[in-house]
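This report refers to the structure that appears directly beneath it.
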Amino acid sequence: MRASLVVAVLALAGLLGPPGRAADGRRSDAEAMSPALRAMQQDDAANPGMLSVLDGEALWSAKAGGAGRSCADCHGDATVSMKGVAARHPAWDAGRGSAVDLAGRIALCRTERQDAAPLPPESPDRLALTTYVAHQSRGMPIAPPDDSGLRETRARGRTLFTTRIGQLNLSCATCHDDLAGRRLGGTPIPQGHPVGYPLYRLEWQATGSLQRRLRNCMTGVRAEPYPFDAPELVALEAYLMERAAGLAMETPAVRP
Amino acid sequence: MARALVNVPKTAKRGEIVDVKALISHPMETGYRPGPNGRLLARDIIDRFACTYNGTEVFAIDLHPAMSANPYLAFSVVATESGTLTMTWSGDKGFRQSETVAIEVA
């Protein structure tokens with residue numbers, strides 16, 4: 001009786017698992033990092049991504065554009081209204097008939113609702129707002145919405161993920177599905193779950209988006225990267241978020 | 001104004017060693033990197049950081065171009081009396097920023 005209880009408890013523990021780890025072996029890439037780097041991510045006083053969060057917090061309540069409105073004027077307190085929003089993006093925009101990621105949504109809000117100058121991709125302000133909004137979902141499981149349009153987008157993303165590209169003739173799946181956990185040179189190959197974007201990458205010495213990371217990888221296999229905000233990149237994001245469903249958000253993460 | 005994150009415990013016992021953490025956003029351009037036009041980008045770094053405790057300097061460091069962007073500094077001070085800790089970063093292009101935090105010593 002007691003043994004079966006222990007088994008049941010263990011099974012439950014395995015099912016829930018520690019944050020950033022799923023029962024099926026999927027895990028956050030933070031687990032492969034050095035203890036020093038993990039400590040840096042967990043300590044808000046040492047995590048340089050928090051600088052973007054602070055910038056975003058200031059931008060959230062700053063009035064902008066012809067409408068003279070701030071994000072807070074419509075959305076109120078971000079710690080309440082934006083909770084879990086990043087875990088549900090990319091989302092389907094029925095009016096536009098396409099998928100939009102969180103940064104794209106913010107950029108659209110900026111031009112359409114605030115009537116302000118567009119925020120270019122990877123501009124500090126767009127990254128700061130995205131990081132601030134995504135930070136509100138920290139610790140929440142990634143929950144991709146169910147939508148017929150998104151299903152198509154994800155299928156397209158999956159095709160892109162498994163298609164060999166570039167002079168090195170590699171697909172994303174070659175490394176991140178088949179060889180994850182092994183090493184490329186001295187570096188561990190991560191499973192590539194986008195749990196902490198926008199994140200602070202030491203190599204960049206800056207906060208960057210998932211699209212920047214994807215474009216990096218494409219350049220790495222010597223393929224021509226898609227431009228920022230290209231539907232292909234959003235499709236890849238949508239597929240990756242579905243692939244990471246259930247893992248906890250970490251924004252702003254720190255990665256080497 | 002650059003954004004800075006300073007972390008000091010709000011309260012401490014007299015004689016306790018407390019950790020101070022200071023993170024500031026700064027590009028720390030080395031002066032050795034070529035820009036898009038092939039010319040070297042002008043050096044733009046923080047070259048000195050100092051911390052004063054009720055006006056007395058308790059920690060200072062000279063920084064050089066090999067430091068990463070957004071430098072993070074952590075050090076310890078002995079809590080002797082209630083008062084303020086003032087961190088000052090200064091550097092190229094007239095950069096100067098101060099942050100003050102209060103500490104209560106019981």
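Protein chains get the first letters and strands the later ones, always in sequence-line order, with residue 1 at the start of each.
With a 4.5 Å cut-off on non-hydrogen atoms, A/Asp43 touches chain B through its side chain but not through its backbone.
Minimum heavy-atom separation, B/Arg3 to A/Ala58: NH2-CB, 3.7 Å. Nearest heavy atom pair, residue A/Asn47 against residue B/Leu23, reads O-CD2, 3.7 Å. Nearest heavy-atom pair, B/Ala4 versus A/Leu54, reported as atom, atom and distance to 0.1 Å: O-CD1, 4.4 Å. Across all their heavy atoms, A/Asp44 and B/Leu5 have their closest contact at O-CD1, 3.7 Å. Considering all non-hydrogen atoms of both residues, A/Ala45 and B/Lys21 come closest at CB-CD, 4.0 Å.
Side-chain atoms of A/Gln205 come within 3.5 Å of backbone N or O of B/Ala69 as a donor-acceptor pair.
More than 12 heavy atoms of other residues, nucleotides or ligands shown are found within 6.0 angstrom of CD on A/Glu112. Residue A/Arg38 qualifies as enclosed at atom CZ: its count of foreign heavy atoms under 6.0 Å is above 12. Enclosure of atom CZ in A/Arg113 is not indicated, since only 12 or fewer non-hydrogen atoms of other residues, nucleotides or ligands lie within 6.0 angstrom.
Interatomic distance, A/Leu202 CG to B/Asn70 CG, rounded to the nearest 0.5 Å: 10.5 Å.
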